[in-house]
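Here's the structure, in structure tokens; my notes come after.
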Amino acid sequence: MSVRVRFAPSPTGNVHIGNIRAAIFNWLFARHAEGRFLLRVEDTDRERSTPEAIRTLLECMAWLGLDYDEPETYQSRQTARHLALAETLLQRGLAYREAKGGGDECVVFRMPKEGRLEFIDLVKGRMRKQAADTQDFVIVRSNGTPVFHLANVADDIDMKITHVIRGDDHVENTFKHIELFRALGAPVPQYAHLPMIVNQQGKPYSKRDGAAFVGEFRDQGYLPEALFNFLLLLGWAPGDDREVLTREEMVALFTLDRCKSSAARFDLKKLVWMNGEYIRRLPRERFTEEFVRRVEAAGLATDGADLPGIIGQMQVRTKFFREIPDSCAYFFTEAYAFDPQGVEKRLKPAGVPETLEEVAAAYATLPAFTPDAAHAALNALAEARGSGLGALVHPVRVAVSGLTEGPGLFEMLALLGRDRVCARLRTVAARLRDHQL
RNA sequence: GCGCCCAUCGUCUAUCGGUUAGGACACAAGGUUUUCAUCCUUGGAAGCGGAGUUCGACUCUCCGUGGGCGCGCCA
């Protein structure tokens, strides 16, 4: 029997990372087993399930590369089917009508009253519970609408779902659902319950803890592959020391028995690191394309710049594309901004203007302006002055780039070119004297 | 309250009775130019407690403790 799994979110406008992780695990499980991954929109809450919300959901799926193998289905369209099944249950005496609280009658499903209920959870192992500890539950409201449990199980039956992989807040429901499958004469799927994602305090991760929705991560500049990989590592590990995996590796390696059953804390720092890893691994052309787009969007022109050289330095240090205009402006314009703290610390001390001019003079006479030559020249200067190299490196960096950090100074200088470097050093020296900085 | 589940460095995790308990993030120190966002090296850092089972337990069992989830005519 071939594997069929589904992701069954209720479209409430935003897709929570806990939810999308369930989608990721389902998708990987299906792809690994060469089975089918389906999407069922549980849109029975008509209030919140707006077309807009559904579109957002579909966008998030596409963004993460979670493609599904059959057209998505909508639970709200199956109401008649759900009610028919409830009717069957009623006729077989497996459910009964009851008027709770004096209102109209609702339909209640009968749970076993004795014995033990149990199932094997593919990640948590054997789960058991005394029947006496369960209760009958409503499957059709007195207003005539089906309740989640009925709708969920009915749709799983109709979609021939073989494995239900979902958050472990559903473990208790599973005892109910299994009885429903049996009562409806359908084969019971296998279950796998995934641990929750929690915050630094160990509480369920929510929007109060920062970005909690897929769309927010996208908007903040995270790459879908990075978020996907990071979320996968929350509760699953390949068994060896690999952490950054290609989609193919994930598919090949993913199995439910390697899933952990304890909650995982969401560690933003590691996600940031992961994002940097994915940016670094981007094909050079793709990084370049995005780089240029960002730079130009900031009103800067890249003509004349040594783009390949700049990219070579910047790709490995970029954690977010949005940082690019600010971190690289000095490569493309003379109107680059100065970091106030850098100016204060590196340019304001007495003697800096003279130092910058000395460096400019030394550089002007160099036969070739290469990183090594620029380095050697500064070394010679430092020695002549009896000062450390740092006394030259820092002011020069800030003068030339406006920043206190960036690529190796001499690589950066070579990339800028002798003319621009010397001009900037002199200009900054003059501005310092005129108190213009 | 009742039921169920969970428990390895600060964090994510490896280990499926025998390891100096490994890796990654983060942190610290050093080096890479007295820069840094890269790179290299090094370091600190863990089996919740108590009983058992066993020649031998992080690993198996039980009891505590702590945490989470569930107990809706929400999903």
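Just so it is clear: chains get the letters A, B, ... in the order the sequence lines come, proteins before strands, and each one is counted from 1. Note that the structure is a prediction, hence the values are computed from the model and not measured.
Within the nucleic acid shown, Phe175(A) has no heavy atom closer than 4.0 Å to any nucleic acid atom. Nucleic acid contact class of Gly239(A) (heavy atoms, under 4.0 Å, all strands): sugar-phosphate only. Among the heavy atoms of the strands lying under 4.0 Å from Arg128(A) are primed sugar atoms or P, OP1, OP2 only; no base atom is included. If you check every strand for non-hydrogen atoms under 4.0 Å, Arg346(A) touches nothing. Contact annotation for Met274(A): no contact, since no heavy-atom pair falls under 4.0 Å across all strands. Residue Leu409(A) is in base contact, counting any heavy-atom pair closer than 4.0 Å across all strands shown. Within 4.0 Å (heavy atoms only), Gln135(A) reaches sugar-phosphate atoms of the nucleic acid but no base atom. Within the 4.0 angstrom heavy-atom criterion, no nucleotide atom of any strand lies near Arg166(A).
Pairing of rA28(B), defined by two Watson-Crick or G-U wobble distances under 3.5 Å, is identified with rU42(B).
Taking the charged nitrogens against the carboxylate oxygens, Arg286(A) and Glu289(A) have no contact shorter than 4.0 Å, which rules out a salt bridge. The pair Lys203(A)-Asp209(A) fails the salt-bridge criterion, with no side-chain N (NZ, NE, NH1 or NH2) lying under 4.0 Å from an Asp/Glu carboxylate O.
A donor-acceptor contact under 3.5 Å links the side chain of Ser142(A) to the base of rC73(B). Under 3.5 Å, the side chain of Arg397(A) and the base of rU35(B) form at least one donor-acceptor pair of N or O atoms. The base of rG3(B) does not come close enough to the side chain of Gln130(A) for any donor and acceptor atom to sit less than 3.5 Å apart.
Here the two rings, on Phe254(A) and Phe25(A), have centers that are under 6.0 Å apart. In summary, the aromatic rings of Phe321(A) and Phe287(A) are positioned with their centroids under 6.0 Å apart.
Of the two residues near RNA chain B, Phe230(A) and Glu172(A), the one whose nearest nucleotide lies more 5' is Glu172(A). Nearest-nucleotide assignment on RNA chain B puts the 5′-proximal partner with Cys259(A), out of His149(A) and Cys259(A).
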